[in-house]
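Starting from 1, each residue takes its place in the sequence as its number. Below, each value reflects all heavy atoms present in this structure, side chains not excepted, and no hydrogens, waters or symmetry copies.
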Amino acid sequence: MRTIQIKTKFIKLDALLKFAAMVETGGEAKQLIQAGQVQVNGEVCTMRGKKLHNGDQVTLNGETVQVSQG
């Protein structure tokens with residue numbers, strides 16, 4: 001599992017996928033989220049604007065990243 005450091009209180013799910021280089025474009029992130037292929041803290045999440053905070057984990061295609069507020 002990789003850790004992704006953010007400097008804000010939260011980051012939106014679609015932005016995190018791009019920031020962590022799990023997808024190449026925002027459009028790709030939107031499609032994968034709407035298709036139910038992204039999990040947040042072990043549960044499928046279809047809200048691309050979902051706010052992620054310190055400690056949240058996001059999984060896509062078997063790769064997991066954890067948000068760390070720094």
Side-chain angles (χ1 to χ4, degrees):
M1 176 175 17
R2 290 189 297 143
T3 300
I4 302 298
Q5 290 234 327
I6 61 171
K7 297 185 188 285
T8 56
K9 287 187 176 184
F10 66 87
I11 185 170
K12 292 185 179 179
L13 179 56
D14 57 349
L16 175 77
L17 294 176
K18 283 177 43 183
F19 185 65
M22 297 173 84
V23 297
E24 292 185 17
T25 66
E28 182 182 0
K30 179 181 175 181
Q31 287 179 337
L32 292 172
I33 294 167
Q34 288 179 338
Q37 296 184 27
V38 179
Q39 292 184 341
V40 175
N41 298 325
E43 296 183 14
V44 172
C45 181
T46 57
M47 300 180 300
R48 74 176 207 225
K50 168 93 173 147
K51 292 179 181 178
L52 304 172
H53 299 89
N54 188 43
D56 284 338
Q57 295 182 4
V58 175
T59 303
L60 173 63
N61 296 329
E63 180 184 3
T64 302
V65 296
Q66 183 170 14
V67 177
S68 174
Q69 189 176 4

Quick one: does [X]'s side chain get under 4.5 Å of [Y]'s, heavy atoms only?
X	Y	answer
V65	L16	yes
D14	K30	no
K9	K51	no
D56	H53	yes
V23	K18	yes

* Structure fact -> In short, K50 meets C45 closest at the heavy-atom pair CB-SG, 3.9 Å

Starting at [atom1] of [X], measure out to [atom2] of [Y] and round the result to the nearest 0.5 Å.
X	Y	atom1	atom2	result
Q69	N54	CD	CG	5.5 Å
Q66	T59	CD	OG1	10.5 Å
I6	S68	CD1	OG	8.0 Å
E28	I33	CD	CD1	10.5 Å
M22	I4	CE	CD1	8.0 Å

* Taking a hydrophobic cluster as the set of Ile, Leu, Val, Met, Phe, Trp and Tyr residues connected by side-chain heavy atoms closer than 4.5 Å, whether directly or through intermediates, do V40 and F10 fall within one such cluster? -> no

* Of L52, T64, T3, which is the lone residue that meets side chain to side chain contact (heavy atoms under 4.5 Å, CB included) with Q57? -> T64

* **Audit row: L17, L32, side chain to side chain contact (heavy atoms under 4.5 Å, CB included) steps and yes/no** => CA-CA 10 Å; L17 294 176; L32 292 172; 5.6 Å; no

